[in-house]
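By convention here, the first residue in the shown sequence is residue 1.
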Amino acid sequence: MTLSKEKLGALCFFVLAIAYGLQAQQIKLLPGDQFEAFTARTMPYALAWLTGLVSFLVLILPQKGSGETFSKVFKGLNWAPTIVMMILMILYGLALTPLGFLLSTVLFLVAGIYTLGEKRWKIILLTAVPSAVGFWFILVKLLNVYLAPGEIFLALNIGA
């Protein structure tokens, strides 16, 4: 069986999309939300479907002459950034409660961009900070989603 790196990646993303879509069903809805056009499940469902569709197309569409075997797909891959990114994702999930969405997202993006090879701090900060603030603004101000500020900031307000 031959499997190129692109097909293996597409297969992994296809499985991930299915698992993500199944997990999205576990998101609790508030009473009456089932009649709303946009709920807490809408974006996860859309992301799962879009990822599944694109990865499925990559899997089934023919690829020009690739003589790679299944074992050759894994040879020569740079696994270090992948492992570091997975660790960063776990740390991001753990940091959300104490640091809050905005600060944890900025730190995650800074660390992730640096891990993926960008070493110019001006570019890193000009990418991470506006992205995190933009997502925060969309979620909090436009979609009216409550994001806890973080235990550190709550503790500072209590002491004031």
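Side-chain heavy atoms closer than 4.5 Å link hydrophobic residues (I, L, V, M, F, W, Y) into clusters, and following such links, possibly through other members, connects V106 to M89. There is no path of hydrophobic side-chain contacts, each under 4.5 Å, that joins M43 to I27. L50 and Y45 sit in two unconnected hydrophobic clusters of ILVMFWY residues. Membership requires side-chain heavy atoms under 4.5 Å apart, directly or through other members.
Pairs engaging residues 103-120 under the side chain to side chain donor-acceptor pair (under 3.5 Å) rule: Y92-T105, E118-R120 [sequence neighbours left out]. Pairs engaging residues 140-156 under the side chain to side chain donor-acceptor pair (under 3.5 Å) rule: none recorded [sequence neighbours left out]. Legend: salt bridge (Lys or Arg N to Asp or Glu O under 4.0 Å) pairs involving residues 121-140, not counting sequence neighbours: none detected.
Judged purely by atom type and a 3.5 angstrom limit, S55 uses its side chain to pair as donor or acceptor with the backbone of G52. The closest donor-acceptor contact from the side chain of R41 to the backbone of L29 lies at 3.5 Å or more, if one exists at all.
In this structure, the ring-ring contact (aromatic ring centres under 6.0 Å, His included) partners of F14, at least two apart in sequence or on a different chain, are F56. Every residue meeting the side chain to side chain contact (heavy atoms under 4.5 Å, CB included) condition with A111, not counting sequence neighbours, appears here in chain and number order: L88. W49 pairs by the ring-ring contact (aromatic ring centres under 6.0 Å, His included) definition with nothing, not counting sequence neighbours.
Closest non-hydrogen pair, V58 versus E6, comes out as CG1-O, 3.9 Å.
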Expected list for residues 124-140: side-chain donor-acceptor pairs under 3.5 angstrom, two or more places apart:
residue: T127; atom: OG1; partner: I123; partner atom: O; Å: 2.7
residue: S131; atom: OG; partner: T127; partner atom: O; Å: 2.7

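Within the hydrophobic cluster formed by Ile, Leu, Val, Met, Phe, Trp and Tyr side chains joined at under 4.5 Å, directly or through other members, Y20 is accompanied by L47. Taking Ile, Leu, Val, Met, Phe, Trp and Tyr as members and joining any whose side-chain heavy atoms lie under 4.5 Å apart, directly or through other members, the hydrophobic cluster of F13 also contains L16.
Rounding to the nearest 0.5 angstrom, the gap separating the CG atom in L103 from the CG atom in L107 is 4.5 Å. The CZ atom of F108 lies 14.0 Å from the CG atom of L99; values are rounded to the nearest 0.5 Å.
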**Pair T39-T42, side chain to side chain contact (heavy atoms under 4.5 Å, CB included): steps then yes or no** = CA-CA 5 Å; T39 68; T42 305; 3.4 Å; yes
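Counting heavy atoms from C-beta on, the side chains of I87 and V84 never come closer than 4.5 Å.
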